[in-house]
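Structure record follows, encoded as structure tokens.
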Number of protein chains: 2
Amino acid sequence: MTNPVYIRIVEDIKHKINNGSLKPSDAVPSENALCKEYGASRMTIRKGLSVLAKDGYIYSIPGKGSFVRMPELNKYTIFYDEMKNSINTVDQSRLLEVTIIMPDEKLAGELQTTRNKNVVVIRRLFYTEGKPIAYDIKYLLYSKGMPIVEKEIEQATFPEIISGSMSAFSLKKELTIYAQIPDKEIKNHLNIYDELALLVVEQKIYNEDNKPMGLCVTYFRGDYIKLKGNSE
Amino acid sequence: MTNPVYIRIVEDIKHKINNGSLKPSDAVPSENALCKEYGASRMTIRKGLSVLAKDGYIYSIPGKGSFVRMPELNKYTIFYDEMKNSINTVDQSRLLEVTIIMPDEKLAGELQTTRNKNVVVIRRLFYTEGKPIAYDIKYLLYSKGMPIVEKEIEQATFPEIISGSMSAFSLKKELTIYAQIPDKEIKNHLNIYDELALLVVEQKIYNEDNKPMGLCVTYFRGDYIKLKGNSE
DNA sequence: AAGTGGTCTAGACCACCAC
DNA sequence: TGGTGGTCTAGACCACTTT
């Protein structure tokens with residue numbers, strides 16, 4: 001069970017970077033030098049270097065060489081889904097309303113459209129063990145072929161609803177996370193009587209031409225959600 | 001300015017996936033078939049497929065073929081740094097305290113250590129335009145070579161402090177985000193007199209052996225921070 | 001001119017899978 | 001057994017950077 005040559009190259013160089021013998025912006029030995037060092041062909045060395053580049057360890061400049069990359073200390077990956085979180089899972093959702101409106105100035109701006117376009121509004125409540133834990137509002141630009149079927153809406157997440165009418169690969173998404181105090185309407189929906197903070201998550205979905213397709217705002221009870229992310 | 005052959009392959013297949021003629025779990029044509037289709041050698045075709053794999057469009061199973069991947073609808077990337085956010089930047093930070101303590105049960109558990117180990121505690125306040133907007137507590141497992149220099153601490157972010165004493169590449173990090181109501185101590189520090197929600201961000205940093213190196217909890221005034229993330 | 005990385009070829013052998 | 005992807009070679013030409 002000996003490893004392929006290119007994997008050995010990857011491990012060796014990762015090791016040198018991790019123990020400090022290769023530091024950020026240092027040059028990695030040239031491809032020809034590595035060919036001799038490992039007695040391998042250049043394509044094999046390049047395979048190893050491409051893995052290191054893919055993993056964010058090095059970058060290459062044509063005509064100059066390959067260099068150790070500055071690590072991205074503040075990059076995190078987060079898997080967000082309004083129906084699931086790391087404390088609880090939504091086990092029931094209730095559809096409050098599906099309507100079609102003309103957007104006001106602010107919403108039209110958010111969706112980069114005009115006030116005379118149709119916008120589908122979906123309001124839902126999410127429950128965990130019978131208790132309402134989140135209030136959810138979605139605004140979708142109405143497009144042909146969009147199936148507004150109540151049953152589907154009740155269970156689907158925001159990207160799922162949007163991707164029903166188009167390929168999901170070309171979607172671009174933005175997430176905005178903040179905290180605020182609930183207003184009266186939300187207090188009513190979520191049965192909040194005391195002081196309690198809300199975690200608010202906004203999702204905005206764009207098509208491949210960077211045109212907004214929809215906006216989704218979810219107001220979570222602060223005591224019922226934690227978002228988790230990690231590096232790698 | 002004709003593109004390399006492997007780029008044409010990448011673009012063609014991405015296009016087929018985006019317009020739906022190749023759907024998730026569909027098989028991509030075999031490497032030999034693509035060789036004939038593009039009149040290219042197998043290594044060139046493989047280069048194209050490896051780019052598609054790196055970008056998350058396809059995956060390969062030895063002996064079977066390459067297949068279109070199910071898109072990750074809920075994956076986001078977020079760049080978090082306790083000193084910067086999308087509303088404001090911290091333009092001043094004040095060091096409240098640097099002490100060495102023995103952790104209580106809860107903290108010892110969080111740091112996966114015992115109660116007789118030394119833990120460095122750093123408390124800071126972050127300001128924007130003279131106003132306190134965040135209260136920050138860091139707990140670091142004390143290790144040799146850790147430079148506890150007040151001047152450095154005052155300006156450095158959490159990963160920067162940790163990476164001072166070790167290579168930053170092998171660090172693993174976890175982020176936890178939630179909302180809560182401030183207690184009296186935090187209200188005092190942040191000059192909060194009314195009802196106001198806090199956005200709390202916890203960072204936990206592990207070394208390459210998955211041992212926790214430190215914990216950082218930052219309490220932001222809800223009206224002074226929004227975290228942003230996006231797909232891609 | 002010499003060295004670097006980027007693209008590409010036409011072969012080869014292997015392990016794995018399905019028939 | 002034939003097809004698939006995984007690894008690897010020993011060359012080649014190119015554009016770019018450095019000396």
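Naming: A, B, ... by sequence-line order, numbering from 1 per chain. Since the structure is predicted, the reported quantities are computational estimates derived from the model, not experimental observations.
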Sugar-phosphate only, base, or nothing, as touched by B:G39 at under 4.0 Å among non-hydrogen atoms: sugar-phosphate
Touch class at under 4.0 angstrom, heavy-atom based, for B:I61 against every strand present: sugar-phosphate
Among [options], find the nucleotide with the atom closest to the side chain of [X].
| X | options | answer |
| --- | --- | --- |
| B:S66 | D:dG5, C:dA18, D:dA12 | D:dG5 |
| B:P4 | D:dT7, D:dT4, C:dC8 | C:dC8 |
| A:E31 | D:dT18, C:dG6, D:dT7 | C:dG6 |

Which whole-number value in Å describes the distance from [X] [atom1] to [N] [atom2]?
| X | N | atom1 | atom2 | answer |
| --- | --- | --- | --- | --- |
| B:I45 | C:dG11 | CD1 | C1' | 15 Å |
| B:L34 | D:dG6 | CG | P | 13 Å |
| B:K64 | C:dA18 | NZ | C1' | 9 Å |
| B:K47 | C:dG5 | NZ | C1' | 11 Å |

Nucleotide forming a Watson-Crick or wobble pair with D:dT17, both distances under 3.5 Å: C:dA2
C:dG3 phosphate, OP1 or OP2, under 4.0 Å from A:N32 side-chain N/O: no
5′-ward residue of the pair A:P62/B:A33 relative to DNA chain D: B:A33
